[in-house]
2 protein chains.
Amino acid sequence: MADHVDRVLKQWAAQRPDLDVSPMAVLGRLKRLSRLVEAETGRTFNAHGLDAASFDVLATLRRSDAPHRLTPAELMRSSMVTSGAITQRLDRLEARGLVSRSPSASDGRSVVVALTDAGRALIDEALPDHVATSAGLLAALTKEERDTVATALRTLLESLGDGKG
Amino acid sequence: MADHVDRVLKQWAAQRPDLDVSPMAVLGRLKRLSRLVEAETGRTFNAHGLDAASFDVLATLRRSDAPHRLTPAELMRSSMVTSGAITQRLDRLEARGLVSRSPSASDGRSVVVALTDAGRALIDEALPDHVATSAGLLAALTKEERDTVATALRTLLESLGDGKG
DNA sequence: CTCAAATAGCTTAGCGCTGAGATACATTGC
DNA sequence: GCAATGTATCTCAGCGCTAAGCTATTTGAG
């Protein structure tokens, strides 16, 4: 029973026995799994005329309190992409009529992004599918295993400063 | 004690209590952690004049049996990127004199990619740094926790077909 | 042997993101 | 009140990747 990373670790043990490459057992799998998960969830997004970037923005708006409005700066902090990326994501979503931009009343520099009715309808339609896809991706683990992994990943995220950012 | 994903889960519980979003406790953290790890390891690569893509190719060659030769197709299967991406990665590495391409003796369609002396020197210099960075990223977990996570991630990868591919 | 199907590698248009920088407005310290 | 600093958003050139498609070669079924 060996996955790709097991083979990689074995190769390193043969070629560089002086190095302790055990961190790769976690980080190598994290990277590969992340890619596979992105590919699979991406298919669900596509089925609803979306991609991961658009879904990310719509879902972030949707889960914020009604009336589902956030500024580009808030979207940026939630998404881990640069301000330029948010501008472009919003350009695309606005062109499709899924979000609206209006000037902020309280801050002359800022903009308020809101879900339109069409945007809200689309994300509410895509969400259950996305959740089902996500559950399917984790089906190989028991609930206890999922909790253990979630807890460990949270510990790592907190140690890296995610949570205050 | 709450990280970004805890807040997201709480928002979903308030906005869509009908959905079981618990898979996001794992997948949301996987995504964020993956991004943070990429950013941090990327800094180490940069410090050696590399990026993740170049390091990936050089490391894959380096850990294969001496004389560290692989075909583009083998590099492609190891890296989870398309053949076009491999062509371009090799173009860049070849231009810098870090790898060489020569026609395969046994298959007229194929090419053999080899680490040059300079390429091998560079990857051998960068590797210990990368391993140290990787270990640092996991410092918040005990060895037992790291093993538990690695095992769970392997289970997931195998369930998704990684390992036979 | 032959020819259709599979495989290897390369090409290129288009895409989303980054990084650097510009502009406008807000806040802070004096 | 005002200058200096910080913040919010947008712009855009450049980058690496994908997807689709091309050529050349190998494989395998009949």
Side-chain angles (χ1 to χ4, degrees), chain A residues 31-32 34-36 38-43 45-46 49-58 69-96 98-114 165, chain B residues 31-32 34-36 38-43 45-46 49-58 60-61 69-96 98-114 165:
Chain A
K31 182 178 169 184
R32 291 185 78 82
S34 197
R35 266 193 91 80
L36 291 173
E38 269 169 38
E40 188 61 30
T41 55
R43 276 186 278 276
F45 299 147
N46 293 163
L50 292 169
D51 57 17
S54 296
F55 183 93
D56 184 34
V57 171
L58 296 180
R69 297 174 195 274
L70 293 172
T71 64
E74 290 168 330
L75 289 166
M76 181 184 81
R77 284 189 282 269
S78 175
S79 68
M80 305 181 93
V81 297
T82 62
S83 64
I86 293 294
T87 296
Q88 292 174 52
R89 288 178 177 191
L90 293 175
D91 287 348
R92 299 194 294 271
L93 290 168
E94 193 178 28
R96 292 180 60 187
L98 301 174
V99 305
S100 66
R101 276 195 271 217
S102 41
S104 164
S106 59
D107 186 334
R109 297 165 300 181
S110 191
V111 161
V112 174
V113 180
Chain B
K31 181 177 169 184
R32 290 186 78 82
S34 196
R35 266 193 90 79
L36 290 173
E38 269 170 38
E40 188 61 30
T41 56
R43 276 186 278 277
F45 299 147
N46 292 163
L50 293 169
D51 57 17
S54 295
F55 183 93
D56 184 34
V57 171
L58 295 180
T60 303
L61 288 167
R69 297 173 196 274
L70 294 171
T71 65
E74 291 167 328
L75 290 166
M76 182 184 81
R77 285 188 282 268
S78 175
S79 67
M80 306 181 92
V81 296
T82 61
S83 65
I86 293 294
T87 297
Q88 292 175 52
R89 288 177 176 192
L90 294 175
D91 287 348
R92 298 194 293 271
L93 289 168
E94 192 178 31
R96 292 180 59 187
L98 300 174
V99 306
S100 66
R101 277 195 270 218
S102 42
S104 164
S106 58
D107 186 335
R109 299 165 300 179
S110 191
V111 160
V112 174
V113 180

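Numbered from 1 within each chain, the chains take letters A, B, ... in sequence-line order. Atom set for the values below is all heavy atoms of this structure, side chains included, hydrogens, waters and symmetry mates excluded.
With rounding to whole Å, A:Asp51 atom CG is found 19 Å from D:dC17 atom P. Between the P atom of D:dG16 and the CG atom of B:Asn46 lies a distance of 12 Å, rounded to the nearest Å. One atom, CG of B:Asp56, and another, P of D:dG16, lie 14 Å apart when rounded to the nearest Å. For the pair B:Leu50 CG and D:dG16 C1', the computed distance is 15 Å after rounding to whole Å.
For B:Thr71, the side chain to side chain contact (heavy atoms under 4.5 Å, CB included) test picks out B:Ala73, B:Glu74, B:Ser110, with sequence neighbours left out.
The shortest distance between the side-chain N/O atoms of B:Arg89 and the OP1/OP2 oxygens of D:dT18 is not below 4.0 Å. Between A:Arg35 and D:dC17, a side-chain N or O to OP1/OP2 separation shorter than 4.0 Å is absent.
Using a 4.0 Å cut-off between charged nitrogen and carboxylate oxygen, A:Asp91 and A:Arg101 count as a salt-bridge pair. Using a cutoff of 4.0 Å between basic side-chain nitrogens and carboxylate oxygens, B:Arg43 and B:Glu40 are scored as salt-bridged.
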At a cut-off of 3.5 Å, list every protein nitrogen or oxygen paired with a nitrogen or oxygen from nucleotides 9-13 of chain D, distance to 0.1 Å.
unit_1, atom_1, unit_2, atom_2, d
D:dT9, OP1, A:Ser110, OG, 2.7
D:dT9, OP1, A:Val111, N, 3.1
D:dT9, OP1, A:Val111, O, 3.4
D:dT9, OP2, A:Ala73, N, 2.5
D:dC10, OP1, A:Arg101, NH1, 3.3
D:dC10, OP2, A:Thr87, OG1, 3.4
D:dC10, OP2, A:Arg101, NH1, 3.3
D:dC10, N4, A:Ser83, OG, 2.8
D:dC12, N4, A:Gln88, NE2, 3.4

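Across the helix from C:dC1-D:dG30 to C:dC30-D:dG1, the helix axis at one end is tilted relative to the axis at the other end by 30° (nearest 10 degrees, each axis from five pairs).
Within the 4.5 Å cutoff, no side-chain heavy atoms of A:Val81 are placed close to those of A:Asp56.
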